[in-house]
Amino acid sequence: MSAPVAIAWHRRTPARTPSAPAAAEFARLLDSDWRQGAGAREVLRRILTTVDPEEVEAVRAAAEKTLLDHCGDTVRLRGLIEFSNRCVLDCRYCGIRRGNRAVSRYTLTLDDVVACARWCAGKGYGSLVLQSGERRDAAFVRRVEAMIRAIKAATRSAAQPEGLGITLCVGEQTEETYARWFAAGAHRYLLRIETSSPELFAALHPPEQRHETRLACLKTLRAIGYQIGTGVMIGLPGQTVEHLIDDLLFFRDLDVDMLGMGPYIPHAQAVLPGAIPAAEERLRLGVRMIAAARLLLRDVNIAATTALQAMAEDGREQGLRFGANVIMPQVTPPRVRRMYTLYDGKPCLDESAGQCAECLDARIASVGRRTLRDQWGDSAHFGRR
Ligand code: SAM
């Protein structure tokens, strides 16, 4: 990764009152109590669609202020370990779907995973994310449980007496499996709903993959005690702004703790049929969705995802400026990283984790924010619930 580009507008800018009357009126509206009322849809539509630069700045400034007021100015790091690309699912958009025969499959050893975790702990990353393709067989369930226990044992220190925080992102599982992993020490779970529309979900997945199953899994995870995170892809074929507004209201009604959303990016062996917005528009919508979620939900953790960085060199910084407060630096060993290609143009393929870490600190500082070290960095929303 080349050194981050220092662009003046990256720096945190003092909120200023927009000069144009319409933008000033919009800024006042954003500051009012619009979230639960009948007008919420209208406000969200304007946040997502305005092209007036003064209004865009009003949205950005309001999202940043909301973030600072409710979550503080720290960016929380979760080292991302993509420990296997073996997958039993066939999501039509995904490069590692079962049906893609062009992918070489891998699974990291327990030692590999623990080495990545130790590295994260040594760097002061408070948490990590264990992500993989989806499997539900007994050997996989045991392997994940063993990884959680081994990571906890290997990363306890004076700085982090409870070891690294562990977020799982390994898909739909039984209640018993979720409970087993929670008992082993994982405490957050990311399961994207992909879209809140059952019809759109059905167009993206084979019939055996069901929207209601994901929703039921999220509710089970919550009942067990996990902090739950979900999210959607943005700019899918057939997706409209109204779908995105529904997604935001879905997050509010599900009372999520964390969000990870990003632009849909086609993969050469997993191209969905149908037109999609231009890359620039998907990035713009991706960043605007972060701002809308920050303004609507206020105290949840929101990731500036890798997919944003895949679309623009400064994509994650844009996400931070519009209200995100989590980054998931890549710590998967470089020798397998290329095999975990969900979409084309995945960034940081060749850098070592050390290079990614250095690049990241500069990027976070470039938007006037601080990196949180040696703490789990849980969602303030979870703490307040
Ligand atoms: N199997 C687990 C699950 O479904 O939660 C975790 C891995 S899955 C590959 C992680 C996420 O990658 C998915 O939820 C999806 O939103 C995202 N993803 C997959 N293909 C993508 C694409 N072409 N563009 C953008 N995001 C994609």
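For ligands, and for the atoms within them, numbers begin at 1 and follow the listed sequence. Numbers for residues simply follow the sequence, beginning at 1.
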Under 3.5 Å, sequence neighbours excluded: what are the donor-acceptor pairs made by side chains of residues 295-307?
{"from": "D299", "atom 1": "OD1", "to": "H381", "atom 2": "ND1", "distance (Å)": "2.7"}
{"from": "D299", "atom 1": "OD2", "to": "R384", "atom 2": "NH1", "distance (Å)": "3.2"}
{"from": "N301", "atom 1": "OD1", "to": "N325", "atom 2": "ND2", "distance (Å)": "3.0"}
{"from": "N301", "atom 1": "ND2", "to": "G377", "atom 2": "O", "distance (Å)": "3.0"}
{"from": "T305", "atom 1": "OG1", "to": "M261", "atom 2": "O", "distance (Å)": "3.0"}

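Scanning for side-chain contact (heavy atoms from CB on, under 4.5 Å) contacts around S84 gives R86, T107, S132, with sequence neighbours left out. Listed by chain and number, the residues in a side-chain contact (heavy atoms from CB on, under 4.5 Å) with K346 are E82, Q330, R337, Y340, Y343, L349 (sequence neighbours excluded).
Ligand 1 lies under 4.0 Å from heavy atoms of Y93, C94, Q131, S132, E134, C169, G171, L191, R192, E194, M233, P263, Y264, I265, Y340, L342, Y343.
The only member of R335, R118, R143 that meets salt bridge (charged side-chain N to carboxylate O under 4.0 Å, His left out) when paired with D112 is R335.
Ring centroids of Y189 and Y178 are separated by less than 6.0 Å, placing the two rings close together.
Cation-pi geometry between R46 and F26 is met: under 6.0 angstrom from the ring centre, within 45 degrees of the axis.
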